[in-house]
Amino acid sequence: MKLYNIKERDEQVSFGQAVRQGLGRNQGLFFPENIPQFDDIDALLAQDFITRSTTILSALIGDELSTEQVRSMVGNAFQFPAPLAKVSAQVDALELFHGPTLAFKDFGGRFMAQSLATVSEGGQITILTATSGDTGAAVAHAFYGMDNIKVVILYPKGKISPLQEALFCTLGKNIHTVAIEGDFDACQAMVKQAFDDAALRQEIGLNSANSINISRLMAQICYYFEAVAQLSAEKRQNLVVSVPSGNFGNLTAGLLAKAMGLPIKRFIAATNANDTVPRYLETGEWAPKPTVATLSNAMDVSQPNNWPRIEELCQRMGWGLETLGRGAVTDAQTAETLKAMYKDGYLCEPHGAIAYRVLTEQLAADEHGLFLCTAHPAKFKEAVDEILATDIDLPAPLAKHAKLPLLSQTLAPDFDELKVVLRRVQP
Ligand SMILES: *Cc1c(COP(=O)(O)O)cnc(C)c1O
């Protein structure tokens with residue numbers, strides 16, 4: 001597989017390099033040079049999830065990894081389903097929240113972990129990351145129990161919710177969690193100091209496993225195929241897919257799936273009040289405003305970092321940006337939509353509700369609609385319970401975690417102390 005840096009096109013890397021490096025020079029994003037096309041889509045859709053995902057990812061990765069290697073990565077990463085749930089005669093939900101941290105990021109995070117382990121061929125890796133809550137859980141669960149990979153997660157002591165803390169600070173094994181006596185910025189500053197220390201970086205094989213890693217997007221392509229595979233031939237004809245978007249990784253993956261031949265008539269980019277992209281598609285002017293806090297806080301992003309990949313892909317495919325549907329939804333509308341969905345028999349959460357709302361506003365009578373449910377309602381329990389007057393249960397595996405003892409150690413916001421910890425966790 002060959003990828004190039006969108007900002008510095010002469011920088012070309014292999015899959016392995018792209019996975020290890022994350023970003024290219026000048027903070028440029030990597031993008032695949034060749035996007036394979038599948039001619040017999042029906043035959044591909046007839047395969048089971050793991051077989052089909054192996055076919056898709058092997059075609060992308062090419063001969064850099066054997067099919068057996070890819071199959072093993074896929075099998076280890078995708079250990080939970082991506083089912084459709086019928087919301088109305090015309091609309092289905094693609095539920096992406098059946099993984100260990102109850103959000104779609106489990107697919108990308110776990111495949112990235114498998115990719116990193118595979119391309120680093122047994123060398124020692126230390127993943128160091130700071131979290132204000134959710135990413136820590138996804139990273140911890142993605143790398144949990146993997147040989148040769150240590151994970152060190154810093155978080156601000158007392159400043160994340162007890163459930164968030166329980167989700168990643170009770171694992172043990174290769175997952176080391178450190179409560180820092182400071183705020184999130186202090187945690188981030190310590191991570192930055194570690195990456196700036198070239199000797200340390202080399203000594204412990206430091207890697208950030210960050211959110212723009214191409215392997216995440218590649219994994220996400222697979223569940224768009226899995227969604228369409230579950231639809232009847234008739235519904236596949238005129239399919240519209242609505243994606244609740246923050247950093248726009250999910251939409252990038254969907255457009256890549258379409259570029260590979262998946263029959264999707266059009267996509268809708270649905271956002272909350274952080275509406276840089278819908279306004280840009282309307283006016284042609286890129287004018288981010290300060291980020292505002294909303295009910296759908298995983299989408300509180302005003303400068304989406306995957307957007308350049310979408311522009312690149314649309315340009316290469318000759319797709320005009322005007323063909324993208326778009327819509328921005330306020331918190332009041334989100335709450336209203338959640339209530340209406342619940343009344344009609346589907347329990348959703350704010351991110352999915354936003355995608356559903358824009359989809360139903362724009363769906364024509366002869367079209368079939370699909371929207372992505374990116375998180376389990378229990379993940380946003382406080383907001384959902386308040387809006388719907390419910391008391392929703394945590395899924396059993398999570399309820400179990402919430403009762404385990406915390407294994408974190410506490411540290412002052414001091415880089416020298418962190419260094420001691422980083423060296424001590426090495427074998
Ligand atoms: C990360 C996230 C999103 C946004 O996805 P992007 O790929 O960043 O657009 C939406 N919903 C939930 C629950 C998320 O965690």
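Because the structure is a prediction, the values reported are computed rather than measured. Indexing begins at 1, ligand by ligand and atom by atom, following the structure's order.
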| said: Show every salt bridge (Lys or Arg N to Asp or Glu O under 4.0 Å) that has at least one partner inside residues 84-107, sequence neighbours left out. | reply: none
Check ligand 1 for N or O atoms under 3.5 Å from a protein N or O and list each pair with its distance.
residue, atom, partner, partner atom, Å
ligand 1, 7 (O), Gly249, N, 3.1
ligand 1, 7 (O), Asn250, N, 2.9
ligand 1, 8 (O), Asn247, N, 2.8
ligand 1, 9 (O), Gly246, N, 2.8
ligand 1, 9 (O), Asn247, N, 3.3
ligand 1, 9 (O), Phe248, N, 2.8
ligand 1, 11 (N), Thr374, OG1, 2.8
ligand 1, 15 (O), Lys105, NZ, 2.5

| query | Side chains of Thr390 and Tyr342: do they bring a donor and an acceptor to under 3.5 Å? | reply | no
| field | Pairing residues for Phe104 by the ring-ring contact (aromatic ring centres under 6.0 Å, His included) criterion, not counting sequence neighbours | value | none
| task | Using the salt bridge (Lys or Arg N to Asp or Glu O under 4.0 Å) rule, collect all pairs that involve residues 308-325, keeping only residues at least two apart or in two chains. | result | Arg9-Glu312
| Just checking, is any N or O donor in the side chain of Asp48 or Thr51 under 3.5 Å from an acceptor N or O on the other one? | yes
| request: Output, in order, the C-alpha distance, side-chain angles, deciding distance and verdict of side-chain contact (heavy atoms from CB on, under 4.5 Å) for Thr374 and Glu349. | output: CA-CA 9 Å; Thr374 45; Glu349 55 71 50; 4.3 Å; yes
